[in-house]
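Start at 1 and go down the list; that is how both ligands and their atoms are numbered.
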Amino acid sequence: MERTFLAIKPDGVQRGLVSEIIGRFEKKGFTLVGLKLLHPSRELAEQHYDVHRERPFFAGLVEFITSGPVVAMVWEGEGVIASARKLIGATNPLNAEPGTIRGDLGINIGRNIIHGSDAPETAQKEVALWFKDEELVNWKPEVTPWLHE
Ligand code: YYY
Ligand code: MG
């Protein structure tokens, strides 16, 4: 079953948006299989955003992501990687559609509340970077027959 890595960034945690955000993925019908609150190290943040290392915003991005606790999560479900990206919305909250997390809750690209893996390869890499195997729970909600034909 497909899995993706999502992280509520320090702004989302500081603003008290954790339950609001987790609720959206729960209500959609995806399954939470990993969850922890942690204050990311610089090393973890730099590895996570390695593809952006040469971009002008990299230093500020790492500074921000390490500035406080983050809620790291793994969610499971059919099509969860692409669907979560849709629920999250465009990178710049000012361009994100209403109804998306960034569209509803944010106004600034450097404070865009949540991260979501963008493809199957990155999802696999990010899940492995943030979680040990034993931190992930294999389970199937009883509600499954009511979500799938
Ligand atoms: O995947 P997503 O988070 O939507 O955007 P990315 O293009 O991967 O950029 C990662 C992260 O970097 C973004 O969430 C905010 C920040 N950022 C920025 O501060 N300024 C930019 N011009 C582009 C991205
Ligand atoms: Mg990205």
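In terms of protein heavy-atom proximity, atom 23 (C) of ligand 1 is nearest to F57 CE2, 3.4 Å. What sits closest to atom 9 (O) of ligand 1 on the protein, heavy atoms only, is H52 NE2, 3.4 Å. Looking only at heavy atoms of the protein, atom 13 (C) of ligand 1 is closest to N112 ND2, 3.5 Å.
Checked against the 6.0 Å centroid threshold, W75 and F25 count as a close aromatic pair.
Using a 4.0 Å cut-off between charged side-chain N and carboxylate O, E121 and K125 make no salt bridge. We find that E97 and R102 are not joined by a salt bridge, their nearest charged nitrogen and carboxylate oxygen being 4.0 Å or further apart.
Listed by atom number, the atoms of ligand 1 under 4.0 Å from I109 heavy atoms are 15 (C), 20 (N), 21 (C), 22 (N), 23 (C). Residue R85 approaches ligand 1 through these ligand atoms, each under 4.0 Å from one of its heavy atoms: 1 (O), 2 (P), 4 (O).
Within 6.0 Å of atom CG in L37, more than 12 heavy atoms from other residues, nucleotides or ligands are found, so the atom counts as buried in its surroundings. More than 12 heavy atoms of other shown residues, nucleotides or ligands fall within 6.0 angstrom of atom CD in E46. Atom NZ of K86 sits in a sparse spot, with 12 or fewer heavy atoms from other residues, nucleotides or ligands closer than 6.0 Å.
For the pair Y49 and ligand 1, the shortest N or O to N or O distance does not fall below 3.5 Å. Between T91 and ligand 1, a contact under 3.5 Å exists for at least one N or O pair.
Ring geometry for H115 against F5 counts as tilted: the plane angle lies between 30° and 60°, on a 0 to 90° scale.
For L61, the closest heavy-atom approach to ligand 1 falls below 4.0 Å.
Comparing H115, K9, R102 by heavy-atom distance to atom 3 (O) of ligand 1, the nearest is R102.
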